[in-house]
Amino acid sequence: MKLKITKINDIGIIEKERIVMKVESSGNVGEFLVLQSGYFNNSVTSRVFATFWFPDKEVSVGDYVVLYTKKGNDNEKPFKEVKSHFFYWGKSEAIWSENNRSAVLMHAPTWESFKPE
């Protein structure tokens, strides 16, 4: 599966702030995470301020995946010949207005967890 960030809209306005992504090859969006990382000297840093891991959901080529910063209930709507899939980060304040932050889209189709005893 391939997903690409196309823009971040309405930065600083909590009710509208969102990341828009386009599905370039079909699959499960649950293989992706969005990180809000630091940004310095024209590059992302290893500092992570917030993380959103998409829930498992099949999406198709041409669909849009929209991640709102605000609270809400995940849903989808038809958009022309494709669908728009809406997800909500659950934040109470806008998070993209600082210029030393960057959105990082990570593809993690395999992972491992470990819970310490």
inquiry  = I'd like to know if the side chain of Arg101 and the backbone of Asn99 have a donor-acceptor N/O pair within less than 3.5 Å.
reply    = no
Distance col, row Thr51:OG1 vs Phe49:CZ, nearest 0.5 angstrom, shows 11.5 Å
Between Gly30 and Asp56, the two heavy atoms sitting closest are CA-OD1, 3.6 Å
Closest heavy-atom pair, Val82 versus Gly62, reported as atoms and distance to 0.1 Å, is CG2-O, 3.4 Å
Heavy atoms of Gly38 and Ser102 approach each other most closely as O-CB, 4.3 Å
Would you tabulate the side-chain donor-acceptor contacts of residues 68-76 under 3.5 Å, counting partners in other chains and residues two or more places apart, or write 'none'?
residue	atom	partner	partner atom	Å
Thr69	OG1	Glu17	OE1	2.7
Lys70	NZ	Glu15	O	3.2
Asp74	OD1	Tyr88	N	3.4
Asn75	ND2	Asn73	O	2.9
Glu76	OE1	Lys57	NZ	2.7
Glu76	OE2	Lys83	NZ	3.1

Should Trp111 and Ser113 count as side-chain neighbours, where that means a heavy-atom distance under 4.5 Å? yes
Note: with side-chain heavy atoms under 4.5 Å as the link, the other cluster members for Phe52 come out as Met1, Leu3, Ile5, Ile8, Ile11, Ile19, Met21, Val23, Val29, Phe32, Val34, Phe54, Val59, Val65, Leu67, Phe87, Trp89, Ile95, Trp96, Leu105
Output for pair (Lys16 NZ, Asn9 CG), nearest 0.5 Å, gives 10.5 Å
Residues Ala94 and Ile14: closest non-hydrogen pair is N-CD1, 3.5 Å
Run the side-chain contact (heavy atoms from CB on, under 4.5 Å) test on Val66 and His85 for me, step by step, so that the C-alpha distance in whole Å, both residues' side-chain angles and the decisive distance to 0.1 Å come before the verdict. CA-CA 6 Å; Val66 181; His85 305 270; over 6 Å; no
Correct closest heavy-atom pair for Ser97 and Gly12 would be CB-CA, 4.2 Å
Heavy atoms of Ser26 and Ser60 approach each other most closely as OG-CA, 3.3 Å
Rounded to the nearest 0.5 Å, the CG atom of Asp63 sits from the CD atom of Glu58 at a distance of 11.0 Å
request  = Report yes if some heavy atom in the side chain of Phe40 is under 4.5 Å from a heavy atom in the side chain of Asn100; otherwise report no.
outcome  = no
field: Donor-acceptor under 3.5 Å (Ser25 side chain, Lys2 main chain)
entry: yes
